[in-house]
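Data first, discussion second: the structure below is written as structure tokens.
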Amino acid sequence: MNTLDTLPVTLDDVLKARELLEGIITKTPIESSRALGAMVGGEVFFKCENLQRAGSFKVRGAYVRMARLSDEEKKRGVVAASAGNHAQGVAVAAKSLGINARIYMPLGVALPKLSATRSHGAEVVLHGHNVDEALAEAQRYANETGAVFVHPFDNVDVVAGQGTVGLEVLDQVPNVDTVLMGVGGGGLLAGVAVAIKSRARELGREIRIIGVQAENAAAYPPSLAADALVPLKKVSTMADGIAVGRPGQLPFSIIRELVDDVVTVSEDSLARALIFLLERAKMVVEPAGAVGVAALMDGKIENPGTTAVILSGGNIDPMLMLKVIQRGLSAAGRFMTVRMMLDDRPGSLATIARIIAENDANVTGLDHTRVGGAISMGDVSITINLETKGHEHSEQVLAALRAEGFHPIVVH
């Protein structure tokens with residue numbers, strides 16, 4: 001029997017999930033990107049799950065899981081743990097179904113995600129310093145009270161619900177060759193792989209499914225290489241939506257059979273992708289939703305052909321966005337911080353200002369200090385934030401400063 005028919009989640013499960021979600025979720029739009037298509041030499045489309053209810057695809061799986069609870073289970077209520085997207089998905093689904101929801105979120109959770117989850121009617125309890133600690137407390141509460149624990153990815157109904165994204169992609173881009181998306185625990189990647197690979201078999205064609213992880217939170221490549229779950233000792237990435245240190249057992253069993261590849265991208269690449277989406281696509285996307293774009297911009301996908309990138313969420317904290325924008329501009333050579341030592345005499349700063357102005361750069365911030373362990377008597381340390389027009393322009397400004405006898409050090 002074909003592998004597709006023996007997996008724990010099948011196309012029939014995804015089709016039934018689509019029926020359950022009719023009238024509940026938004027069929028999110030697909031947008032073409034000429035700019036990214038020109039970079040990679042093929043058509044590129046964005047599947048805009050950042051425009052989904054509650055700001056991400058998570059509501060799909062959460063609703064399917066909870067809609068299938070018995071009346072007695074619904075009366076007991078549900079409990080979940082999340083730093084953001086799953087929490088909001090569970091809260092929205094619970095409100096739609098009239099179920100009481102208790103959500104555990106870590107103490108440092110972003111205020112917009114905390115406020116949004118509460119606004120959807122869920123009871124929020126702050127616990128622990130990371131999602132793993134919140135998850136353990138949610139599981140303990142479920143065991144103690146009988147509330148139904150709604151796992152973010154390790155459940156057949158959740159995976160089937162996420163797979164409905166894949167059905168929509170095929171409806172909207174029938175000639176798609178490659179589908180890219182971020183992967184944390186693996187629920188979205190597993191569900192989409194089941195839906196698209198099954199449809200591709202019916203059509204007698206090949207469609208590649210590729211997952212993308214942040215390189216500092218990439219548990220899938222070593223797990224796939226070992227053919228066993230390999231947990232990470234440390235996870236550190238701005239892409240909190242996929243910052244999962246251990247793959248889900250259920251998604252992993254599907255991904256190792258169906259997914260063509262899992263690639264990784266750096267934090268700088270993620271920042272550049274977010275800037276690209278803001279400037280060129282006019283899309284607000286969280287880092288976890290932008291990893292597929294980052295992989296394409298980095299040339300990680302060979303011969304992608306007609307490509308669909310799932311922008312899985314748009315729930316980004318404005319404070320994080322400020323940091324990401326600065327990092328993205330820096331990575332693109334459009335923002336630079338330089339530090340240098342000067343003689344503490346009149347005119348030195350004016351000379352530097354003249355050089356910067358003559359080379360058409362813009363000063364956005366300046367720090368001037370005479371006090372510090374590394375500052376000698378008669379010297380002054382200055383740190384200047386500059387807007388530049390790319391890497392070549394940055395080097396031009398630095399060369400002009402050096403030509404006048406200064407010794408600028410790039411610190412950001």
Side-chain angles (χ1 to χ4, degrees), residues 49 56-58 82-86 106 130-133 135 151-154 159 162 165 178-193 208-274 276-277 285-302 304 307 309-313 315-316 320 323-324 327-328 331:
E49 283 295 289
S56 88
F57 71 95
K58 288 286 190 175
S82 166
N85 288 349
H86 180 58
N130 53 53
V131 175
D132 287 339
E133 291 180 9
L135 202 63
H151 200 283
F153 47 81
D154 220 351
V159 171
Q162 319 306 28
V165 179
T178 304
V179 182
L180 294 175
M181 72 213 75
V183 52
L188 176 65
L189 182 61
V192 170
R208 286 194 300 168
I209 305 293
I210 298 177
V212 187
Q213 293 200 293
E215 62 184 24
N216 295 330
Y220 264 93
S223 296
L224 291 169
D227 196 26
L229 301 187
V230 179
L232 300 177
K233 294 181 179 179
K234 183 181 179 182
V235 171
S236 176
T237 176
M238 70 175 81
D240 59 346
I242 54 172
V244 178
R246 185 179 185 273
Q249 181 63 65
L250 172 67
F252 179 77
S253 69
I254 296 171
I255 288 167
R256 69 181 176 186
E257 298 295 335
L258 300 185
V259 172
D260 296 278
D261 198 6
V262 176
V263 301
T264 64
V265 294
S266 69
E267 298 296 290
D268 280 349
S269 295
L270 263 175
R272 284 194 296 269
L274 286 168
F276 174 88
L277 285 163
V285 180
E286 64 188 272
V291 289
V293 174
L296 282 176
M297 292 176 69
D298 279 359
K300 294 288 181 78
I301 315 301
E302 294 185 6
T307 304
V309 183
I310 298 174
L311 306 180
S312 56
N315 294 316
I316 183 168
L320 174 61
K323 296 176 184 176
V324 169
R327 182 164 187 158

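All residue numbers in this chain count up from 1 along the given sequence.
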**Q.** Interatomic spacing from CZ in F252 to CG in D227 - rounded to 0.5 Å
**A.** 5.5 Å
Kindly list each side-chain donor-acceptor pair under 3.5 angstrom involving residues 288-299, sequence neighbours excluded, with atom names and distances?
{"from": "D298", "atom 1": "OD1", "to": "S269", "atom 2": "OG", "distance (Å)": "3.2"}
{"from": "D298", "atom 1": "OD2", "to": "S269", "atom 2": "OG", "distance (Å)": "2.5"}

Q: Check the pair M238 / R327 against side chain to side chain contact (heavy atoms under 4.5 Å, CB included), numbers first and verdict last.
A: CA-CA 11 Å; M238 70 175 81; R327 182 164 187 158; 4.2 Å; yes
Q) T178 side chain to P304 main-chain N or O, any donor-acceptor pair under 3.5 Å? A) yes
Q. Are E267 and T237 close enough, and set up right, to give a side-chain hydrogen bond (donor to acceptor under 3.5 Å, both in side chains), and what steps lead you there?
A. CA-CA 7 Å; E267 298 296 290; T237 176; 2.8 Å; yes
Q.
I need the I254 CD1 to Q249 CD distance, nearest 0.5 Å.
A. 11.0 Å
Q: Compare every heavy atom of L320 with every heavy atom of P287, then report the nearest pair and how far apart it is.
A: CG-CD2, 4.2 Å
Q: State which residue, out of I242, L311, I209, fulfils the side-chain contact (heavy atoms from CB on, under 4.5 Å) condition with M181.
A: I209
Q | From CG (L229) to OG (S253), nearest 0.5 Å | A | 9.5 Å
Q: Please list, chain by chain and in numerical order, all residues satisfying side chain to side chain donor-acceptor pair (under 3.5 Å) with E286, sequence neighbours excluded.
A: N85
Q | Minimal non-hydrogen separation, L188 against G182, with atom names | A | CD2-O, 4.4 Å
Would you mind writing out the side-chain donor-acceptor pairs for residues 212-223 within the sub-3.5 Å range, not counting sequence neighbours?
{"from": "Q213", "atom 1": "OE1", "to": "A219", "atom 2": "N", "distance (Å)": "3.2"}
{"from": "Q213", "atom 1": "OE1", "to": "Y220", "atom 2": "N", "distance (Å)": "3.0"}
{"from": "Q213", "atom 1": "NE2", "to": "V183", "atom 2": "O", "distance (Å)": "3.0"}
{"from": "N216", "atom 1": "ND2", "to": "S236", "atom 2": "O", "distance (Å)": "3.4"}
{"from": "Y220", "atom 1": "OH", "to": "G185", "atom 2": "O", "distance (Å)": "2.7"}
{"from": "S223", "atom 1": "OG", "to": "A219", "atom 2": "O", "distance (Å)": "2.7"}
{"from": "S223", "atom 1": "OG", "to": "V230", "atom 2": "N", "distance (Å)": "2.9"}

Q. Is D260 reaching over with its side chain to a backbone N or O of I210, donor-acceptor style, under 3.5 angstrom?
A. no
**Q.** Nearest-0.5 Å distance that lies between atom NE2 in H151 and atom CG in L250
**A.** 10.0 Å
Q.
Contact between P106 and E133 at the side-chain level, heavy atoms closer than 4.5 Å - yes or no?
A. no
Q) Shortest non-hydrogen contact from P152 to L135? A) CD-CD1, 4.5 Å
Q. Taking atom CG of D261 and atom CD of E302, what is their separation to the nearest 0.5 Å?
A. 9.5 Å
Q) Just wondering, more than 12 heavy atoms not from R246 lying within 6.0 Å of its CZ? A) no
Q. Under the 3.5 angstrom rule, does the side chain of Q162 hit a backbone N or O of A190 as a donor-acceptor pair?
A. no
**Q.** Taking every non-hydrogen atom, the tightest pair across V285 and G313
**A.** CG1-O, 3.4 Å
